[in-house]
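Chain identifiers are assigned alphabetically (A, B, ...) following the order of the sequence lines, protein sequences preceding nucleic acid strands; residue numbering begins at 1 within each chain.
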Amino acid sequence: MEGPVIQRPRGTRDLLPPDTRLWQAVEGVAREVFGSFGGEEIRTPVFEPTELFVRTVGESTDIVNKEMYTFPDRKGRSLSLRPEMTAGVARAWIENHLGDRSQPLRLYYIGPMFRYERMQHGRYRQFSQIGLEIIGADTPLADAELLAAMHEFFVRLGFLDLEIHLNNLGDPEDRGRYQEAIRAALAPRRAELCADCQRRLEENPLRILDCKVPACQVIAADAPGMDELAGDASRQHVAKVETHLQRMAIPYVRNHRLVRGLDYYLRTVFEVVSPQLGTNTVLCGGGRYDRLIADLGGPAVPGVGFAIGEDRLVEVLPARFKDAVLARPAVYVVPLGEAAQTQVLELARNWAREGVPVEVEITGRSLKAALKRADREGFRVVAMLGDDEISARTVTVRDLVAGDQSAMPLADLPVWWRALTPVSPPARRGNV
RNA sequence: GUGAGCGUAGCUCAGCUGGUCAGAGCACCGGACUGUGGCUCCGGUGGUCGGGGGUUCAAAUCCCCUCGCUCACCCCA
């Protein structure tokens with residue numbers, strides 16, 4: 001072959017073993033937890049009509065302005081790779097008449113999203129989100145249940161250091177009034193704001209609240225909190241959500257400067273941040289979107305949801321969870337000599353049928369080399385079959401952790417394996 | 001879209017102001033130990049020094065271009 005090797009597109013990545021095991025495990029926990037809260041999986045197309053995202057995510061947001069993978073198909077229709085999932089779920093809800101089913105619907109999803117952005121730590125052009133949406137319930141109880149499911153998910157993964165930030169974004173009717181209030185409060189100190197914030201003062205005053213420039217943060221602290229100017233309805237709603245969270249002892253902090261980047265959110269909004277993520281600390285974001293489905297031409301049906309960034313999640317997974325997942329539980333089956341080679345595969349298959357994970361040595365390396373590999377790869381058990389064993393109809397089984405070995409009848413291995421006392425997995429070298 | 005840094009073996013890197021500079025450690029394979037790991041020792045596989053052009057007697061080393069990667073801003077998962 002000529003020419004340079006083909007490389008993956010910028011901002012994408014190859015997920016390789018053993019890391020893929022972490023992804024599988026995380027997704028398994030998501031299915032288990034969200035399923036146990038009454039959730040069902042939904043899968044929607046990876047690309048949708050561009051118009052869908054323009055109308056839901058918002059015309060003025062960065063996501064639709066400069067971050068969408070938009071292209072015409074062969075008939076000239078404008079399509080876009082989905083930059084987020086909620087819009088597609090809402091569209092599917094309308095198109096498939098899900099309103100005819102018993103409400104509410106709890107829908108979870110796992111899949112890739114696409115945003116054309118410059119690469120950075122924790123930011124990719126193709127990234128995976130795990131999300132949950134509760135559609136058809138406008139009660140604070142729905143928000144609380146959603147947050148409880150989310151919290152439970154993180155707990156199952158062993159997270160101890162995450163923070164849930166919560167805020168009230170008010171109702172759309174309050175928004176204009178609120179923006180004016182911020183302008184009025186900050187205009188006198190305009191000169192002290194950073195260049196970006198001076199621009200935001202005109203275009204999107206809310207964004208000043210979460211500016212990272214320290215000087216702006218000081219000034220923004222004087223601005224009225226969103227909650228103060230929000231209508232009574234939204235304030236009471238969020239207050240009840242908080243009551244429910246407190247009752248369940250789910251820790252959270254009120255963050256009056258929390259703003260979200262999608263236009264459809266109202267009332268309850270929240271983020272989960274990890275202190276370990278460097279600059280892009282947001283692991284999960286979500287909120288309520290009671291007007292979204294109606295805005296798309298559907299009935300007036302409320303919803304709440306969140307999306308977890310799976311790439312970032314895997315990056316900061318607690319060590320205990322990772323170690324447990326990465327421990328290699330298989331029995332390494334090593335044939336010694338010609339006669340054994342004709343028998344190990346069948347032997348391994350029989351054990352596998354009884355639920356013992358096996359891996360057969362098929363490269364012909366020496367026993368010494370095989371044991372060395374078993375040690376490095378983290379196998380707990382090596383089963384050796386040679387001429388002696390064949391004539392005795394036994395197998396020699398070595399426990400690498402205990403350092404001892406014994407011969408046993410071939411059929412006894414599965415029982416012996418299941419009786420093995422679990423040992424905390426040895427620390428693996430690198431690569432995760 | 002804006003700004004900064006970096007590209008030498010699979011991985012982490014050394015190689016100063018151009019003249020054995022193509023190296024080390026780890027990893028991988030093999031041997032010492034002919035059917036027994038984790039330690040030690042020995043040996044081996046492996047590199048167009050990201051690519052192209054220029055300066056020079058001579059470039060991994062200096063200059064230009066290009067590709068790629070990384071970090072930060074913006075924004076977000």
Paired with B:C62 by Watson-Crick or G-U wobble geometry, both distances under 3.5 Å: which nucleotide is it?
-> B:G54
Test item: A:Arg288 side-chain N/O and A:Val304 main-chain N/O as donor-acceptor pair under 3.5 Å = no
If the sugar-phosphate is the primed atoms plus P, OP1 and OP2 and the base is the rest, what is the B/S/- string for nucleotides 39-47 of chain B, using protein heavy atoms under 4.0 Å?
-> ---------
Any strand is fair game: report the nucleotide pairing with B:G38 by Watson-Crick or G-U wobble, both distances under 3.5 Å, or none.
-> none
Between protein and nucleotides 71-77 of chain B, map the contacts as a letter string: B base, S sugar-phosphate only, - none, heavy atoms under 4.0 Å, written 5' to 3'.
-> SSBBBBB
Tell me which residues in residues 402-413 of chain A put a heavy atom below 4.0 Å from RNA chain B, sorted by number, or none.
-> A:Gly403, A:Gln405
Is there a Watson-Crick or G-U wobble partner for B:C49 with both distances under 3.5 Å, and if so, which one is it?
-> none
Is the number of heavy atoms from other residues, nucleotides or ligands within 6.0 Å of CZ (A:Arg320) greater than 12?
-> no
Between B:G46 and B:G23, how far is it from one C1' atom to the other, in whole Å?
-> 14 Å
Might you confirm whether atom OH of A:Tyr252 has over 12 heavy atoms from other residues, nucleotides or ligands at distances under 6.0 Å?
-> yes
Sub-4.5 Å side-chain heavy-atom contact between A:Leu81 and A:Phe71 | yes
Provide the Watson-Crick or G-U wobble partner of B:A9, both distances under 3.5 Å; none if there is no partner.
-> none
Can you label the angle between the A:Phe154 ring and the A:Phe159 ring as parallel, tilted or perpendicular, going by 30° and 60°?
-> perpendicular
Close side-chain approach of A:Val269 and A:Phe306, heavy atoms under 4.5 Å | no
Charged tip of A:Arg82 within 45° of A:Phe47 ring normal and under 6.0 Å | no
Counting only side-chain N and O atoms of A:Arg10, is one of them less than 4.0 Å from OP1 or OP2 of B:C69?
-> yes
From CD1 (A:Ile130) to CE (A:Met85), nearest 0.5 Å = 12.0 Å
Applying the 3.5 Å cut-off to both distances, the Watson-Crick or G-U partner of B:C28 turns out to be B:G44
A:Glu361 and A:Thr363: side-chain donor and acceptor closer than 3.5 Å?
-> yes
Are A:Thr86 and A:Glu133 side-chain neighbours, meaning at least one heavy-atom pair lies under 4.5 Å?
-> yes
